[in-house]
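Everything on this sheet refers to the single structure shown next.
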Number of protein chains: 2
Amino acid sequence: MSDQTPAAGRFSGDSAAGGERSTGAPANGSEPRNIPDATVARLPVYLRCLVDMAETKTVTASSERLAEMAGVNAAKVRKDLSYLGSYGTRGVGYEVDNLIVQISRILGLTQDWPVVIVGIGNLGHALANYKGFAARGFRVAALVDADGSKVGEALGGLVVRHLDELPQIAADEHVAIGIIATPAPAAQDVADRLVASGVSSILNFAPAIVTVPPSVSVRKVDLSIELQILSYHQQRRGFAAIADAAAHSGSYGAVPEVASASQVDVSRAADA
Amino acid sequence: MSDQTPAAGRFSGDSAAGGERSTGAPANGSEPRNIPDATVARLPVYLRCLVDMAETKTVTASSERLAEMAGVNAAKVRKDLSYLGSYGTRGVGYEVDNLIVQISRILGLTQDWPVVIVGIGNLGHALANYKGFAARGFRVAALVDADGSKVGEALGGLVVRHLDELPQIAADEHVAIGIIATPAPAAQDVADRLVASGVSSILNFAPAIVTVPPSVSVRKVDLSIELQILSYHQQRRGFAAIADAAAHSGSYGAVPEVASASQVDVSRAADA
DNA sequence: TAGATTGTTAATCGATTAACAATC
DNA sequence: TAGATTGTTAATCGATTAACAATC
């Protein structure tokens, strides 16, 4: 754990993988197996596609169809799903309902995960009001802020409590996941408090790198970093357009920064 | 382009890389070079660390120091920075101010990027009020919503306009980057409209995969996916604790789902 | 000069992908 | 049986990392 996403990692962010050796052990009951990080990051995407399919009464899905919906290639889908076990039928495909069950089980979505949101600013408000949590088994159990003037505020059926109460709240509510939605300077302190309170998974929205013990998972969602990555590619297109225009002595008219290039090809952006 | 981050991703999310062949060409003026996706995703992180250093009047930074702040290893920092050119001094380190200039230039941050936010719900409000944009050269140029009842609302110094006006707005404001903050069902339509309006970089916050032409970059920020990845690792720790408790016939008391394991080791999470 | 630190090489590792035998 | 599609293998590719010569 202890990695910083990103986007890109991934991250996307980032993306360090480490530790375990994959054994390729077959699926069996509810035992944990070693699934590559890149695969784990795609399982929620497949799950969402399968749920969409189930809603339109689709009974089976081929790797080809699932790949198309998920925006990846079919070989990757089959390889990814093979880590879960053999849940497909040759010549037929995967049974949608069963695959939903299997992926949910592997991801731990069959249980409830109480979440605490720390930092009730603009983003904290948006998160507290977000309806998508409950649908996936993530229950917002508490809202916390260091600012006394915010304590007591009612929001999304909860009342904001003080950061100092975090250890008590975490214990009472069995909080497993903490979301940091504070300004950057507060992020490390909040992460330390979360860890001290027994929270071992953290989703960090603050534009700061937080350091945690190796037994804790951190994922980072960083708007500025995503925009800067887009800026890089956007700028690259601009250069390509200029090079192209120069080469052809032509004009691209109204949108000078968008064009194709022969020399510098337009690549896919990184993520994960 | 056309990849879906992730977070796994950047996933990261996701993380597909493709297309171009790296030539290892040296830095020279403002020419675009081929920088690996994984490196591009880390440059904004280094930039943030360097800006923090500059604020505390640090003049030079070694790869070791920068690595520590960024949460990566020093070899990676040196390799990443080597793609920009040779801006370090052996035996000394990197000059902080100069490196800020070089990374900013490579990322295209020396110019202004007008941004349009589509979807003014909870998240859209939070984004519209976010102060971190301007600081990095991302100027919110327009706010747009499909809901007529939101049109005309004043927010963060702007007035919300109707989605149908997007082509005009994009042209007038030279919008380069579109942020999708709508509910999932609207995301693909909005992406299509952005592309049709000439926007070639998209940051998608909606929990949906959007498909765009190859010349357009998409990065995905998906809260549910990040939480589900954390859930996987959290669950894994739970299994590990159980296996460990069984092996030692001991009790872990109040937090049964957290412990270390011999058999199933706890790995780092993916990201990118 | 001695110490420090970069920039680069080469080994290693993990992820992707095409191909195809297995089999429904 | 014929057609379709999985599950797996093996090749390839990109990213990470340790090591060290270059050099300030």
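Side chains included, hydrogens not; waters and symmetry mates left out as well; all remaining heavy atoms used. Throughout, a chain's letter reflects where its sequence line sits, starting with A, and its residues are numbered from 1.
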Look for any protein N or O under 3.5 Å of an N or O in nucleotides 18-20 of chain D and output each such pair with its distance, or none.
| residue | atom | partner | partner atom | Å |
| --- | --- | --- | --- | --- |
| D/dA19 | N6 | B/R78 | NH2 | 3.4 |

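Partners of B/R48 by salt bridge (charged side-chain N to carboxylate O under 4.0 Å, His left out), not counting sequence neighbours, listed by chain and number: A/D222. For B/D189, the salt bridge (charged side-chain N to carboxylate O under 4.0 Å, His left out) partners two or more places apart in sequence, or in a different chain, are B/R193.
Between the side chains of A/Y87 and A/N98, no donor-acceptor pair of N or O atoms lies under 3.5 Å. If you check the side chains of A/E95 and A/T60, you find no donor sitting under 3.5 Å from an acceptor.
Paired runs in DNA chain C that reach 3 or more consecutive Watson-Crick or G-U pairs, where each pair keeps both distances under 3.5 Å, cover C:3-24 with D:3-24.
Each of A/V210, A/I225, A/I202 was compared with A/K220 under the side chain to side chain contact (heavy atoms under 4.5 Å, CB included) criterion, and only A/I225 meets it.
In this entry the distance linking CD of A/E68 with P of D/dT5 reads 13 Å, nearest Å. One can place CD of A/E95 at 14 Å from P of D/dT6, the figure rounded to the nearest angstrom. For the pair A/L99 CG and D/dT5 P, the computed distance is 16 Å after rounding to whole Å. Distance OH (B/Y87) to P (D/dC24): 17 Å, rounded to an integer number of Å. In this structure, A/L81 places its CG atom 9 Å from P of D/dT6, rounding to the nearest Å. In this structure, A/D80 places its CG atom 16 Å from P of C/dG14, rounding to the nearest Å. Counting to the nearest Å, the P atom of D/dT16 and the CG atom of A/D37 are 12 Å from each other. In this structure, the CD1 atom of A/I35 is 16 Å from the C1' atom of C/dG14, given to the nearest Å.
Contacts between residues 54-65 of chain B and DNA chain D, defined by a heavy-atom separation under 4.0 Å, are absent.
Side-chain N or O atoms of A/Q188 include one that pairs as donor or acceptor with a backbone N or O of A/T211 at under 3.5 Å. Side chain of B/S231 to main chain of B/L227: no donor-acceptor pair is present (N/O by atom type, distance under 3.5 Å, no hydrogens or angles). At distances below 3.5 Å, at least one donor-acceptor pair connects side-chain atoms of A/N204 with backbone N or O atoms of A/A208.
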When the side chains of residues 64-75 of chain B are checked against the rest of the protein, which donor-acceptor pairs come out under 3.5 Å, sequence neighbours left out?
| residue | atom | partner | partner atom | Å |
| --- | --- | --- | --- | --- |
| B/N73 | OD1 | B/A75 | N | 3.1 |
| B/N73 | OD1 | B/K76 | N | 2.9 |

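With contacts defined as side-chain heavy-atom distances shorter than 4.5 Å, the pair A/S200/B/R237 qualifies.
Summarising the geometry of A/L230 relative to B/R219, their closest heavy-atom pair is CD2-CG, 3.9 Å, with the distance given to 0.1 Å.
Summary of the strand contacts: A/V92 and B/G91 both lie near DNA chain C, and taking for each the nucleotide with the nearest heavy atom, the more 5' one is attributed to B/G91.
On a pure distance criterion of 3.5 Å, no polar donor-acceptor pair joins the side chain of B/R90 and the base of C/dT5.
Between B/Y94 and C/dG7 there is a side-chain N or O to OP1 or OP2 distance below 4.0 Å.
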